[in-house]
Amino acid sequence: MSDPLATLSALLSPVFTELAGDRAEGGAAPDPTVRPSDRADAQINGALPLAKRIGTNPRELAQAVVDSGVLAGVASELEVAGPGFVNVTFASSFLEAQLAAIAADDRLGVPEAPQRLNVVVDYSAPNVAKEMHVGHLRSTVIGDALVRMLSFLGHHVIRENHIGDWGRPFGMLIEHLLDLGEDIAAEGLSQGDLDGFYKAANAKFTESEEFQERARDRVVLLQNGDEETLVLWRRLVEMSNSYFDRVYRKLGVLLTDEDLAGESRYQPLMEGAYERLEGTELLVEDDGAMVVFPPGFTNRDGDPLPLIFRSRTGAFMYATSDLACVIDRAERLDADLMLYVVGSPQAQHLQMVFEVCKMAGWLVEPRQAIHVAFGNVLGDDRKMMRSRAGESVKLIELLDEAIERAGDAIAEKNPEIDAQDREAVAAMVGIGAVKYSDLSTDRIKDYVFDWDRMLAFEGNTGPYLQYAHARICSIFRRAGTDRASVRATAIELAAPQERALAMRLLALPTALDVTLESYSPHKLCTYVYDLAVDFSAFYENCPVLKADEPTRSSRLALADLTARVLAQALDLLGIEAPEQM
RNA sequence: GCGCUCGUAGCUCAAUGGAUAGAGCACUUGACUACGGAUCAAGCGGUUGGGAGUUCGACUCUCUCCGAGCGCGCCA
């Protein structure tokens, strides 16, 4: 761990334990509570709670921490302040050594997780023969970022795209496919007109009784595994998947066909899951349905709320499917962790499913399932984002608009760039802007989608971060120096802006840790933004190319390291870092 | 009605129980014969929805009230 704060914490822990002595026995080990500080490089806050616990004077205890001498070589200055804080200033030599270490490290100081976990991430989940809309954006983008971060830490990540490829609507969809003829349907669907297809089918269903009957018969055939029907169903799924794939490529996420784990896949597992549930005696009959009453859930009348696993008519429900899912992930995939990147309205349902799985013994600590919930994308009217016609906005159109707007802005700000480069950069900038605006606020909250703000290129936006990266690349272009060639150069920290930048660069591992502690990508966004701001201050105050040696080389090395950390952190968010823009 | 989530500057958002609640936008004022001004610096702007409690210390934890969104049995 390269973070100087982490080093402090590690060095101080034994000191605190010793100072606590036997008077603190029984409790948890005392935490030095090292925090960033605006009055010094860091502050140690742990003396206050410890003094309280063992009944001594906090300032004296803080002084004892200082006198322990364990920070020799790490800190150049230690000062007891206020009621018992210790302000720490790092020795430049220490920071310089840490910088050298991360500069020589492909992982930029981020250690691999001590324990390699099997992590299933369930995200994106569009519906076959239905358009992907803004509602799918958050799940896809947040899930993708989490997948990237977890993979980077060395975990074994299994992506699962739980597409809606099964169920009653497929009767009418298949009949509509037959009516149209496969070729015509394929043409429409491959053009991305999924909504038109679905709506036409739906319209016929509501209008024509004859069609309804055919649709219902078709569902039965599908469920009974009729081969001809299955062929048609597969065609439909394939056509949708190739469309989804186009969207994913444009969006730049890692999902591929390999990751498809649709509802149909869990269909054959439901019977077994259900039988095992029967074996637990949790299952009870209620009003003809087979249900479980997990404790703590009530309906509007204050009665226990059931989770229904088999309807009165004998059909399995989506709870049954979710149950089969958990069992499959736990037993076949041996998942230590299951992340459900699903909108917050599903909170209660998932909570109930997880609870039943716990009661039945299929979800036992340390194996755990977590709902990574998120809020809505809102329009400027603060309501669910809709197109002018009142329909949900097609994701693909939204992405195209982002790219177009970014292209216009680039053409305006950087007329020298050639058309081909501009096109490539516009995609990186436009998509990056959309992703960053989605990732940079706390996922649990709704957020307002605002073109002007996300593409403003100023303030806390994707383009601003990319710009910081592009500027660094520009320095090297101008210098005619290969970036890799400066990586072994010693960095000397003299100016305060250099120190601040260095501290930030070293903090990447901590930023990743706190991000994954709560699966909140916005924390990593805040880190990257702070890094870009620190770099801007450095750039403004510390001339690189005009500096004398050895300062010039040192600053080139610092700039290169900054670009690497920027690009790495952006990559973990799924955002590309162009070399010019 | 019950449950979950949210409420922070005019707007959009931050803040692992730590000192004086921070950014961006907007507004005001400065800085280009230095590496990309798509920038930087400074100013303005707050009883953190109200109240109570826990704590040496609360935006953060607990309770309560107000307001908003979502969910609450045979769709997924």
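Numbered from 1 within each chain, the chains take letters A, B, ... in sequence-line order. Computed over heavy atoms, backbone and side chain alike; hydrogens, waters and symmetry mates excluded.
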**Q** Within this structure, what is the CZ-to-C1' distance between Arg478(A) and G36(B), rounded to whole angstrom?
**A** 8 Å
**Q** Any idea which of A76(B), G1(B), C70(B) is nearest the Arg300(A) side chain?
**A** G1(B)
**Q** For nucleotides 37-44 of chain B, just jot down a letter per nucleotide in 5' to 3' order: B, S or -, based on protein non-hydrogen atoms under 4.0 Å.
**A** SBSS----
**Q** Below 3.5 Å, can you tabulate the donor-acceptor pairs from side chains in residues 163-171 of chain A to any protein atom, sequence neighbours excluded?
**A**
{"from": "Asp165(A)", "atom 1": "OD1", "to": "Glu263(A)", "atom 2": "N", "distance (Å)": "3.0"}
{"from": "Asp165(A)", "atom 1": "OD1", "to": "Ser264(A)", "atom 2": "N", "distance (Å)": "2.7"}
{"from": "Asp165(A)", "atom 1": "OD1", "to": "Ser264(A)", "atom 2": "OG", "distance (Å)": "3.4"}
{"from": "Asp165(A)", "atom 1": "OD2", "to": "Ser264(A)", "atom 2": "OG", "distance (Å)": "2.7"}

**Q** Whole angstrom is fine here: how far is it from CG in Asp301(A) over to P in G3(B)?
**A** 14 Å
**Q** Heavy-atom count around Glu423(A) CD within 6.0 Å, excluding the residue itself: above 12?
**A** no
**Q** Answer whether the closest heavy-atom distance between the side chains of Phe244(A) and Asn161(A) falls below 4.5 Å.
**A** no
**Q** Are any of the side-chain nitrogens in Asp381(A) or Arg386(A) under 4.0 Å away from the carboxylate oxygens of its partner?
**A** no
**Q** Quick one: list whatever passes ring-ring contact (aromatic ring centres under 6.0 Å, His included) with Tyr464(A), sequence neighbours left out.
**A** Tyr529(A)
**Q** Find the distance Asp450(A):CG to G24(B):C1' and express it as a whole number of Å.
**A** 12 Å
**Q** For residues 288-307 of chain A, dump all side-chain donor-acceptor pairs below 3.5 Å to protein atoms at least two apart in sequence or in another chain.
**A**
{"from": "Asn299(A)", "atom 1": "OD1", "to": "Asp301(A)", "atom 2": "N", "distance (Å)": "2.9"}
{"from": "Asn299(A)", "atom 1": "OD1", "to": "Gly302(A)", "atom 2": "N", "distance (Å)": "3.2"}
{"from": "Asn299(A)", "atom 1": "OD1", "to": "Asp303(A)", "atom 2": "N", "distance (Å)": "3.0"}

**Q** Between Pro49(A) and Tyr318(A), which is nearer to the 5' end of RNA chain B once each is assigned its nearest nucleotide?
**A** Pro49(A)
**Q** Taking atom P in both C61(B) and G69(B), what distance in whole Å separates the two?
**A** 23 Å
**Q** Can you tell me how far C1' of G36(B) sits from CZ of Arg422(A), to the nearest Å?
**A** 18 Å
**Q** Rounded to whole angstroms, how far apart are CG on Leu48(A) and C1' on G18(B)?
**A** 8 Å
**Q** Taking the same atom, P, in U60(B) and in G71(B), what whole-Å distance lies between them?
**A** 28 Å
**Q** Hey, could you give me each pair passing salt bridge (charged side-chain N to carboxylate O under 4.0 Å, His left out) that has a residue in residues 528-546 of chain A? Not counting sequence neighbours.
**A** Arg504(A)-Asp530(A), Arg504(A)-Asp534(A)
**Q** Would you measure the distance from the P atom in A9(B) across to the matching atom in G50(B) and give it in whole Å?
**A** 10 Å
**Q** Using a cut-off of strictly less than 4.0 Å between a heavy atom of the residue and any atom of RNA chain B, enumerate the qualifying residues of residues 304-312 of chain A by number.
**A** Leu305(A), Pro306(A), Ile308(A), Ser311(A), Arg312(A)
**Q** Would you please classify the geometry between the Phe535(A) ring and the Tyr539(A) ring as parallel, tilted or perpendicular, with 30° and 60° separating the classes?
**A** tilted
**Q** Go through the side-chain N and O atoms of Asp322(A) and Tyr266(A) and say whether any donor and acceptor fall under 3.5 Å apart.
**A** no
**Q** Run the side chain to side chain contact (heavy atoms under 4.5 Å, CB included) test on Leu501(A) and Leu531(A) for me, step by step, so that the C-alpha distance in whole Å, both residues' side-chain angles and the decisive distance to 0.1 Å come before the verdict.
**A** CA-CA 7 Å; Leu501(A) 179 56; Leu531(A) 175 58; 3.7 Å; yes
**Q** Minimum heavy-atom separation for Asn202(A) to Met172(A), with atom names?
**A** OD1-CE, 3.5 Å
**Q** Fill in the dot-bracket string of RNA chain B, one character per base: . for unpaired, | for a pair to another strand, ( ) or [ ] for pairs within the strand, taking Watson-Crick or G-U pairs under 3.5 Å.
**A** (((((((..((((....[...)))).(((((.......))))).....(((((..]....))))))))))))....
**Q** Under 3.5 Å, which donor-acceptor pairs link side chains of residues 516-525 of chain A to any protein atom two or more places apart or in another chain?
**A**
{"from": "Ser518(A)", "atom 1": "OG", "to": "Ser520(A)", "atom 2": "OG", "distance (Å)": "2.9"}
{"from": "Ser520(A)", "atom 1": "OG", "to": "Ser518(A)", "atom 2": "O", "distance (Å)": "3.1"}

**Q** I need the OH-C1' distance between Tyr529(A) and C25(B), as an integer number of Å.
**A** 10 Å
**Q** Flag yes if more than 12 heavy atoms outside Gln497(A) fall under 6.0 Å of its CD atom; otherwise flag no.
**A** yes
**Q** Check the interface with nucleotides 58-62 of chain B: list each N/O to N/O pair with the protein under 3.5 Å, or write none.
**A**
none

**Q** Each nucleotide in nucleotides 5-14 of chain B should get exactly one letter: B, S or -. Can you fill that in based on protein heavy atoms under 4.0 Å?
**A** SSS----SSS
**Q** What pairs meet the salt bridge (charged side-chain N to carboxylate O under 4.0 Å, His left out) rule with one or both residues in residues 77-86 of chain A, with sequence neighbours excluded?
**A** none
**Q** Got a sec, which residues hit ring-ring contact (aromatic ring centres under 6.0 Å, His included) with Phe354(A), two or more places apart in sequence or on another chain?
**A** Tyr340(A)
**Q** Whole angstrom is fine here: how far is it from CG in Leu50(A) over to P in G57(B)?
**A** 18 Å
